Number of protein chains: 2
Amino acid sequence: MVQDGGTARQNILDAASSLFAERGFEGARVDEIARRAGVNKAMLYYHVGNKQALYTAVLKRNVECLEKELLDSLGSQLSLAERFRLVISTIGSFLQSFPDHPRIMLREFASGGDRMEPVVIEGFVRILAMIRSLLEEGVRSGEFRATDPLMTHISVVGASLVLNAVQPLRSRVVAIGPTFEVPGEGVDVGAFLSDFLLHGLSTSSPGEKP
Amino acid sequence: MVQDGGTARQNILDAASSLFAERGFEGARVDEIARRAGVNKAMLYYHVGNKQALYTAVLKRNVECLEKELLDSLGSQLSLAERFRLVISTIGSFLQSFPDHPRIMLREFASGGDRMEPVVIEGFVRILAMIRSLLEEGVRSGEFRATDPLMTHISVVGASLVLNAVQPLRSRVVAIGPTFEVPGEGVDVGAFLSDFLLHGLSTSSPGEKP
DNA sequence: TAGAATACTAACCAACTGGTTAAACCAACC
DNA sequence: GGTTGGTTTAACCAGTTGGTTAGTATTCTA
């Protein structure tokens with residue numbers, strides 16, 4: 001029997017996604033994924049396959065979604081800086097609608113991409129290439145400093161992922177050491193980050209906020 | 001019988017650290033930690049305690065070490081920018097001598113700090129406070145833009161952690177999509193990052209490399 | 001050197017894990 | 001009404017896991 005809100009397969013992927021984010025690949029229990037999806041465990045193996053296939057399916061879905069949204073953003077006829085902001089905010093809103101994704105990716109980075117199958121890596125490589133060409137365009141036009149594009153990209157991704165993933169940890173930090181006030185719940189990570197990065201990349205005089 | 005290179009406890013912590021980094025808390029098997037430490041499993045429980053205590057011990061050791069090194073760096077009588085660079089490079093060299101640490105921390109961020117006990121969090125809060133006061137000093141003196149200190153800190157940490165942790169993944173990415181050449185093995189992450197960040201923070205005209 | 005404290009080991013265990021299976025359900029089509 | 005094909009289930013299984021135990025060796029100390 002198909003559960004509320006989608007096909008059995010979708011429910012399974014949703015449940016798997018949140019559990020992989022919470023506990024990691026090893027920590028997530030197949031039984032619990034099935035239970036949370038409102039599905040018998042055997043159904044899960046019937047519809048998706050084993051644990052690894054489940055993991056790959058979750059990642060593939062996320063990457064394909066991000067890629068689609070980025071292609072839209074990059075197709076626009078805007079100035080470089082505007083497109084850059086748009087890309088950052090696209091990534092930002094993606095990470096907010098897929099809050100499991102940054103957490104899964106952080107773990108993946110930590111383990112050296114052990115569990116990432118080629119299908120998934122290929123998707124990431126395409127996304128990487130998009131942003132790389134954006135950075136290179138900026139360097140050619142003289143708007144951006146000539147930084148190592150891969151390092152820059154990784155920095156941006158790292159900052160985004162951690163900024164997004166770290167949200168739940170903040171309250172615990174604040175609880176222990178009230179050295180830091182909590183910024184308002186709805187802190188605009190994207191706006192912060194694109195300001196932060198543009199100031200870091202720009203060769204034009206800072207001080208003015210574009 | 002104490003193993004080569006240190007006390008049994010140290011060997012156990014070393015083995016645990018590398019396995020927690022490789023596989024995460026759930027993925028790391030106590031038997032393998034013991035085997036890699038050259039120690040009987042019961043010895044591990046005798047010397048350190050259960051798996052959670054082992055994990056806490058590893059993190060505590062790392063944090064205490066970083067804190068000590070940062071205190072040295074911040075005690076120096078240098079200009080703000082120089083101290084900032086020194087702090088970044090201190091963190092950089094710490095992350096290189098404790099390559100397990102960024103990987104463990106990324107997982108910890110991903111899981112919302114589930115496994116981090118107060119002793120450990122307190123250490124991080126102290127470190128956070130140090131760097132926060134450095135940023136605030138910069139804002140007061142007019143050298144740094146007034147950014148949200150916690151967000152800035154998290155960005156810096158995120159970028160550092162991911163830059164360091166992602167090293168092994170790079171080769172796989174390059175193998176699949178040769179869009180990116182591998183930067184020379186010994187890329188100076190610290191130098192890259194402090195340039196990147198100072199340009200992002202500075203209100204003085206960029207272009208000149210301080 | 002007696003004996004107490006510490007350091008160490010092999011073997012064991014109950015609980016759990018990913019994965020399978022054989023049988024049942026159920027709509028649609030003949 | 002029967003049968004076919006996709007879907008669903010409870011029960012099961014072999015291998016693994018964190019943790020323990022009962023007993024042995026080594027070192028310290030009085």
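The shown structure was predicted, so the numbers you read here are calculated from the model rather than taken from an experiment. Here is how names work: the chains are called A, B, and so on, in the same order as the sequence lines, proteins then strands, and each is numbered from 1.
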Rounded to whole angstroms, how far apart are [atom1] on [X] and [atom2] on [N]?
X       : N      : atom1 : atom2 : value
A:Met43 : D:dT8  : CE    : P     : 4 Å
A:Tyr46 : C:dA23 : OH    : C1'   : 15 Å
A:Leu44 : C:dT21 : CG    : P     : 17 Å
B:Arg35 : D:dT17 : CZ    : P     : 10 Å
B:Asn11 : C:dA7  : CG    : P     : 15 Å

**Report entry** Residues within residues 47-62 of chain A bordering DNA chain C, heavy-atom distance below 4.0 Å
**Finding:** A:Asn50, A:Lys51
Polar atom pairs (N or O), protein with nucleotides 10-15 of chain C, under 3.5 Å:
residue, atom, partner, partner atom, Å
C:dA10, N7, B:Asn40, ND2, 3.3

Query raised in the report: Is there a residue in residues 21-33 of chain A whose heavy atoms reach under 4.0 Å of DNA chain D, and which residues are they?
Result: none
Report summary line: Hits for side-chain hydrogen bond (donor to acceptor under 3.5 Å, both in side chains) against A:Glu69, two or more places apart or cross-chain, chain-then-number order -> none
Requested in this report: List in chain and number order the residues that pass side-chain hydrogen bond (donor to acceptor under 3.5 Å, both in side chains) with B:Arg140, two or more places apart in sequence or in another chain; answer none if no residue qualifies.
Outcome: none
Query - Nearest-neighbour nucleotide for the A:Tyr45 side chain, C:dC8, C:dG19, D:dG6 considered - result: C:dG19
**Report entry** Pairs where residues 87-107 of chain B contributes a residue and the test salt bridge (Lys or Arg N to Asp or Glu O under 4.0 Å) is met, not counting sequence neighbours
**Finding:** none
For [X], which residues count as a salt bridge (Lys or Arg N to Asp or Glu O under 4.0 Å) partner, sequence neighbours excluded?
X       : value
A:Arg35 : none
A:Glu26 : A:Arg115, B:Arg29
A:Arg61 : A:Asp14
A:Arg9  : none

Query raised in the report: Side-chain donor-acceptor pair under 3.5 Å between A:Glu22 and A:Ser18, yes or no?
Result: no
Report summary line: Hits for ring-ring contact (aromatic ring centres under 6.0 Å, His included) against B:Phe124, two or more places apart or cross-chain, chain-then-number order -> none
**Report entry** Charged N-O contact under 4.0 Å between A:Arg36 and A:Glu32
**Finding:** yes
Query raised in the report: Going by the ring pair (Phe, Tyr, Trp, His ring centres under 6.0 Å) test, which pairs reach into residues 13-39 of chain B, not counting sequence neighbours?
Result: B:Phe20-B:Phe25, B:Phe20-B:Tyr55, B:Phe25-B:Tyr55
